[in-house]
Visitor: 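There's a structure below that I have some questions on.
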Amino acid sequence: MTAEEKNIPKSYDPQAVEANRYEWWLEQNLFKATEEEGKESYSIVIPPPNVTGNLHMGHALNLSIQDALIRRKRMQGLNTLWLPGMDHAGIATQARVEAMLRQDGISRYDLGREKFLEKVWEWKEKYADTIRQQWSKLGISVDYSRERFTMDEGLSKAVRTVFVKLYDKGLIYRGKRIINWDPAQRTALSDIEVIYKDIQGKLYHMRYPFEDGSGAIEVATTRPETMLGDTAVAVHPEDERYQGMIGKLLDHPITGRKIPVIADEYVDKEFGTGVVKITPAHDPNDFEMGQRHNLEQIVVMNEAGQMNENADKYQGMDRFECRKQIVADLQEMGVLFKIEEHAHSVGHSERSGAVVEPFLSTQWFVKMQPLADAAIDLQKGDDAVNFVPDRFERTYLQWIENIRDWCISRQLWWGHRIPAWYCDHCGETIVTMDDPTSCTKCGHDALRRDEDVLDTWFSSALWPFSTMGWPEQTKDLDTFYPTSVLVTAYDIIFFWVARMIFSALEFTDKKPFEDVLIHGIVRAEDGRKMSKSLGNGIDPLDVIEKYGTDALRFMLLNGTAPGNDQRFQFERVESARNFANKIWNASRFVMMNLGEDFTYQGANGFAKLGTAEKWILHRLNATIQDVNARMEVYDFGGAGSAIYEFLWNEYCDWYIELAKMPLNGDDAQAKSTTLNVLVYVLDQSLRLLHPFMPFITEEIWQALPSTAAGASIVTASYPAFDAKWEDAQAEKEMGLLMDIIRSIRNTRAEMNVPPSRPITLLIKAKDSDTEAILTRGESYIRRFCNPEALTISTDVAVPEKAVSNVVTGAELFLPLAGLIDIDAEIARLEKEKKKLDGEVERIEKKLNNQGFVAKAPAEVIETEKAKLADYADKRATVISRIEELRG
RNA sequence: GCGACCGUAGCUCAGAGGGAGAGCACUACCUUGACACGGUAGGGGUCAUAGGUUCGAUUCCUAUCGGUCGCACCA
């Protein structure tokens with residue numbers, strides 16, 4: 001049956017190839033984890049996407065990498081698990097739902113906690129569906145039977161267990177601290193949720209008068225509105241300028257409060273006037289100084305960033321409005337005498353973008369030092385987590401070595417509610433697994449649960465083991481934990497990777513993963529980040545619709561250099577799509593030639609292997625070795641290129657062309673061998689490529705005569721290197737023949753002799769060995785070069801008028817009647833000679849260098865000598881040809 | 001201030017202590033019975049700059065210039 005009869009379209013159509021295939025895989029249960037006794041395990045937990053919206057190009061890259069890894073290991077026969085799931089993403093999701101409600105003029109307070117949470121769950125279900133839809137489009141082979149959500153019952157239990165254990169151990173505490181406050185979301189943030197941006201601000205210089213009328217002291221501030229909470233002014237204890245003033249009282253210019261001048265080492269004498277106003281409730285450094293000097297903490301704002309009752313006449317104003325007003329008032333009073341431009345960085349909320357306010361409030365914290373110490377010990381020991389690329393280990397260590405306590409309470413509703421209750425009767429705090437009904441201390445039932453929820457990352461930190469059933473001791477934990485590798489972008493090393501490591505050490509006594517593979521981000525074509533605000537994001541689904549999932553995946557994986565960013569370019573997707581088309585057509589060629597009576601026998605059918613067959617099998621084997629080696633070290637770009645080059649430049653460009661001879665010839669055995677080789681190599685190549693391009697490889701594989709009925713490439717064995725296919729002789733012979741063929745094509749092109757015009761071709765072999773190779777390959781030369789007469793010999797009668805070319809081992813002559821200009825030919829050969837002169841000279845210089853001969857490794861010297869002999873040989877041939885022509 | 005990364009063909013990027021590579025773009029020819037999403041042949045780079053290590057550096061080290069990012073500070 002021919003390809004036309006089978007209706008194989010001439011062009012690859014990704015839509016047709018990819019339709020329904022994913023569902024078919026799922027029906028066959030091919031992605032379900034296997035847990036067979038005695039088999040090695042390989043597991044990955046997905047970095048759970050937020051249920052806030054659609055997956056972006058970064059997800060597509062992240063998932064393509066993981067899928068390539070897990071598909072290969074699955075094909076290699078390991079027990080594999082790729083566990084999918086999603087993250088509730090506290091602040092992000094709540095913000096999205098609140099924004100949605102706001103369009104209807106509803107606030108979360110209008111609904112109340114319970115009703116509001118119902119809305120969020122609805123939202124979550126909707127987006128979870130969208131995400132699953134996108135996963136299926138990307139073709140990722142996750143085990144849906146194990147899908148988890150961070151707020152599942154099981155995972156919630158894990159969270160509560162961890163909270164209670166850490167609390168009981170004294171590693172979780174509640175305290176009144178300066179934290180990063182997001183006035184837009186009205187919640188506390190952890191340090192890493194604050195993004196610092198450089199802002200051109202202003203530095204305001206003011207005079208605070210001494211109460212005794214003895215002049216004034218000059219202070220500078222960037223945030224004049226906080227002066228309402230000033231409770232001191234500080235100078236450096238050794239600053240001569242202010243020695244007499246320490247301890248004196250000042251009249252605060254606005255509040256009239258009497259505030260002291262204090263001395264503290266923290267103050268930088270060089271900055272500004274060397275005097276700082278101290279606002280303990282609104283600045284972390286001032287807070288610490290305030291504690292050292294027992295200063296009063298006056299909070300002057302409310303949770304929304306508006307001035308509160310401590311702000312006198314400014315009460316009710318927004319903080320920035322207040323700044324303007326205070327500046328105006330102070331200028332009028334003559335207190336503010338100078339405004340300078342001042343560049344400084346200002347913290348913004350990662351989620352809402354609001355300017356973060358350092359804010360004094362009562363929050364829950366994780367005491368980090370003991371947890372960090374364990375993580376550091378692990379990394380300094382023999383069983384460290386393997387970061388790929390390893391430079392990220394330094395990034396990680398630097399952070400964990402300088403870690404500060406982690407603020408984990410959030411004033412939100414969407415999330416894991418903190419399992420703490422307060423007794424209104426005796427004031428006791430109760431932290432427990434089960435909801436208490438009465439106070440453990442006084443027995444009273446006037447219990448009030450803490451309103452706050454936990455930082456999203458608190459639950460994410462448990463992901464590798466909570467998803468497998470922890471704190472229960474499950475079979476999944478036995479088989480698949482610790483996981484093999486965690487794949488993520490570098491932007492969440494601190495948020496997530498670090499926290500998983502110390503959590504896992506604390507609660508499972510094991511590191512959560514052997515390797516951490518850190519990849520870059522996918523940037524827009526111009527190198528900028530893809531972002532919603534810039535509107536330069538590219539939706540993976542749009543790309544898939546036009547070019548197919550396989551093209552997108554291959555482009556993303558092939559562009560991956562470990563840890564480096566890549567730019568998204570449509571030309572690169574197009575190139576990947578063209579590759580898919582090339583494979584499609586090569587396969588189509590194979591199908592078209594199979595014929596009704598052909599029975600695939602695999603290697604048993606290799607009865608009459610020619611040089612080309614031996615060569616392609618050798619090259620396939622070398623490619624398999626290369627690809628496997630590269631995949632083991634996460635070199636997806638290298639592995640992808642190796643397959644690309646093999647399939648396109650060797651299988652298609654050379655082997656298929658050469659195969660046409662036996663396929664169209666009379667030798668039934670040669671024809672059958674060729675078909676077996678064509679199918680075998682294609683089959684193996686498809687398996688090799690399957691982790692990169694799952695759809696097209698399955699589609700073609702299903703049509704191959706080598707495929708057993710009902711089998712899927714998903715669980716076919718992955719190709720492995722086998723020394724029996726190594727064939728140096730075939731490599732050498734094909735190398736020589738390819739050199740000659742290319743050389744002739746080159747001459748034809750340069751002399752404008754079209755391929756359709758037959759030529760006379762004389763090949764002078766260097767020795768009888770080479771002559772034998774060329775004679776064996778005569779049909780190959782005929783196939784590509786269209787000679788009307790072909791002479792191969794160690795001794796050919798060279799016509800006077802002929803273009804000559806020299807390759808390693810042979811000299812070629814093309815007597816092209818009417819086209820040869822002797823002078824031009826001499827000039828061309830002179831140019832060739834000059835090139836060879838350069839090569840010879842370079843290597844001679846090297847070999848004449850005593851230092852080189854004495855110190856370079858023997859094999860390097862040998863290859864240099866061989867190169868020299870080859871170049872010198874070629875040069876001698878060219879010279880003698882020039883002399884012949886000159887007569 | 002500390003740290004990391006990058007600077008290679010017109011563009012986007014691989015690479016490696018011993019003859020500079022890919023994709024796209026470009027030039028010429030080819031509508032050849034798998035494929036024009038194709039074929040064949042070609043042009044194009046003192047591998048940012050200056051030192052150093054080495055028999056040998058585009059690759060390793062140092063400095064400089066240019067770019068990106070993270071952390072800390074920021075009255």
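Naming convention: chains lettered A, B, ... in sequence-line order (proteins, then strands); numbering from 1 in each chain.
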Visitor: With distance as the sole test, does A/Asn746 use its side chain to make a donor-acceptor pair with the main-chain N or O of A/Arg742 at under 3.5 Å?
Guide: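 Flag not set: sc A/Asn746 to bb A/Arg742 has no pair under 3.5 Å.
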Visitor: Any idea which of B/rC35, B/rA14, B/rA75 is nearest the A/Thr222 side chain?
Guide: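 Within the option list, the nearest is B/rA75.
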Visitor: Using the side-chain heavy atoms of A/Asn581, tell me which of these nucleotides is nearest: B/rA75, B/rA14, B/rC35.
Guide: B/rC35
Visitor: With respect to the side chain of A/Lys855, which nucleotide from B/rA34, B/rU54, B/rC37 is positioned closest?
Guide: B/rU54
Visitor: Could you give me the CA-CA distance, side-chain angles and deciding distance for A/Glu574 and A/Lys546, then say whether salt bridge (Lys or Arg N to Asp or Glu O under 4.0 Å) is met?
Guide: CA-CA 10 Å; A/Glu574 212 169 289; A/Lys546 191 160 175 212; over 6 Å; no
Visitor: For nucleotides B/rC60 and B/rA75, find the distance between their P atoms and express it as a whole number of Å.
Guide: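 Roughly 41 Å separates the two P atoms.
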Visitor: Please verify the inter-ring angle class for A/Phe494 with A/Trp399; under 30° counts as parallel, over 60° as perpendicular, anything in between as tilted.
Guide: parallel
Visitor: Could you tell me whether the phosphate oxygens of B/rA41, OP1 or OP2, come under 4.0 Å of any side-chain nitrogen or oxygen in A/Arg745?
Guide: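 Result: yes.
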Visitor: On a whole-Å scale, what distance lies between the C1' atoms belonging to B/rU31 and B/rG39?
Guide: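 These two C1' atoms come out 11 Å apart once rounded.
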Visitor: Between P on B/rU40 and CD1 on A/Ile740, what's the gap in Å once rounded to a whole number?
Guide: 18 Å
Visitor: Restricting to ring pair (Phe, Tyr, Trp, His ring centres under 6.0 Å), what partner residues turn up for A/His344, sequence neighbours left out?
Guide: A/His342
Visitor: Kindly say whether A/Leu812 contributes a backbone atom to a donor-acceptor pair with the side chain of A/Asn805 at under 3.5 angstrom?
Guide: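 Flag not set: sc A/Asn805 to bb A/Leu812 has no pair under 3.5 Å.
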Visitor: If you count every heavy atom of other residues, nucleotides or ligands that lies below 6.0 Å from A/Glu859 atom CD, does the total exceed 12?
Guide: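 Incorrect, the count does not exceed 12.
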Visitor: Listing time: all N or O pairs from protein to nucleotides 65-73 of chain B that are below 3.5 Å?
Guide:
unit_1	atom_1	unit_2	atom_2	d
B/rC73	N4	A/Ser345	OG	3.0

Visitor: Does OP1 or OP2 of B/rA14 have a side-chain N or O of A/Asn558 closer than 4.0 Å?
Guide: no
Visitor: Check the surroundings of atom CD in A/Glu340: do more than 12 heavy atoms from other residues, nucleotides or ligands lie under 6.0 Å from it?
Guide: yes
Visitor: Measure from the side chain of A/Arg742, starting at C-beta and using heavy atoms only, and say which of B/rA75, B/rA41, B/rG18 lies closest.
Guide: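 So the side chain of A/Arg742 is nearest to B/rA41.
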Visitor: Tell me which nucleotide among B/rG42, B/rU12, B/rG18 gets nearest to the side chain of A/Asn746.
Guide: B/rG42
Visitor: Tell me whether A/Glu18 contacts the main-chain N or O of A/Thr549 through its side chain, where contact means a donor paired with an acceptor under 3.5 Å.
Guide: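 Yes: the side chain of A/Glu18 pairs with the backbone of A/Thr549.
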Visitor: Is the distance from OP1 or OP2 of B/rG56 to the nearest side-chain N or O of A/Lys846 less than 4.0 Å?
Guide: no
Visitor: Would you mind reading off the distance between A/Leu336 atom CG and B/rA75 atom P, rounded to a whole angstrom?
Guide: 16 Å
Visitor: A/His348: what forms a ring pair (Phe, Tyr, Trp, His ring centres under 6.0 Å) with it, not counting sequence neighbours?
Guide: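 A/His348 satisfies ring pair (Phe, Tyr, Trp, His ring centres under 6.0 Å) with no other residue.
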Visitor: Can you see if the side chain of A/Lys845 gets near the phosphate of B/rC55 - specifically, an N or O under 4.0 Å from OP1 or OP2?
Guide: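 For A/Lys845, the contact criterion (side-chain N or O under 4.0 Å from OP1 or OP2 of B/rC55) is not met.
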Visitor: State which of B/rA34, B/rC55, B/rC37 makes the closest approach to the side chain of A/Ser11.
Guide: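 Of the options given, the side chain of A/Ser11 lies nearest B/rC37.
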Visitor: Heavy-atom nearest nucleotide on RNA chain B for A/Asn585 versus A/Arg394: which residue maps closer to 5'?
Guide: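 Result of the comparison: A/Arg394.
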Visitor: Looking only at the side chain of A/His342 (C-beta and beyond, no hydrogens), which of the listed nucleotides B/rA34, B/rA41, B/rC74 gets closest?
Guide: B/rC74
Visitor: Compute the ring centroids of A/Tyr644 and A/Phe579, then answer whether they are less than 6.0 Å apart.
Guide: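 Aromatic pair counts; centres sit under 6.0 Å.
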Visitor: What distance, rounded to whole Å, do you find between the two P atoms, one in B/rC61 and one in B/rA22?
Guide: 27 Å
Visitor: Looking at the side chain of A/Val860, which of B/rU40, B/rA75, B/rG18 is the nearest nucleotide?
Guide: B/rG18
Visitor: Starting from Watson-Crick (N1-N3 plus N6-O4 or O6-N4) and G-U wobble pairs under 3.5 Å, report the runs of at least three that RNA chain B belongs to.
Guide: B:1-7 with B:65-71, B:10-13 with B:21-24, B:26-30 with B:38-42, B:48-52 with B:60-64
Visitor: Please state how far atom CD1 in A/Ile744 lies from atom P in B/rG39, giving the value in whole angstrom units.
Guide: 21 Å
Visitor: Work out how far the P atom of B/rG18 is from that of B/rC74, and round it to whole angstrom.
Guide: 49 Å
Visitor: Using the P atom as the point on both nucleotides, what is the distance between B/rG7 and B/rC11, in whole Å?
Guide: 14 Å
Visitor: Taking the P atom in each of B/rG15 and B/rA48, what is the distance between them to the nearest angstrom?
Guide: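 Their P atoms lie roughly 15 Å apart.
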Visitor: Atom pairs under 3.5 Å, N or O on each side, protein against nucleotides 21-26 of chain B: can you list them with distances?
Guide:
unit_1	atom_1	unit_2	atom_2	d
B/rG23	O2'	A/Ser575	OG	3.3

Visitor: Which residues pass the ring pair (Phe, Tyr, Trp, His ring centres under 6.0 Å) test with A/Phe337, not counting sequence neighbours?
Guide: none
Visitor: Of A/Glu839 and A/Gln566, whose nearest nucleotide on RNA chain B comes first from the 5' end?
Guide: A/Gln566
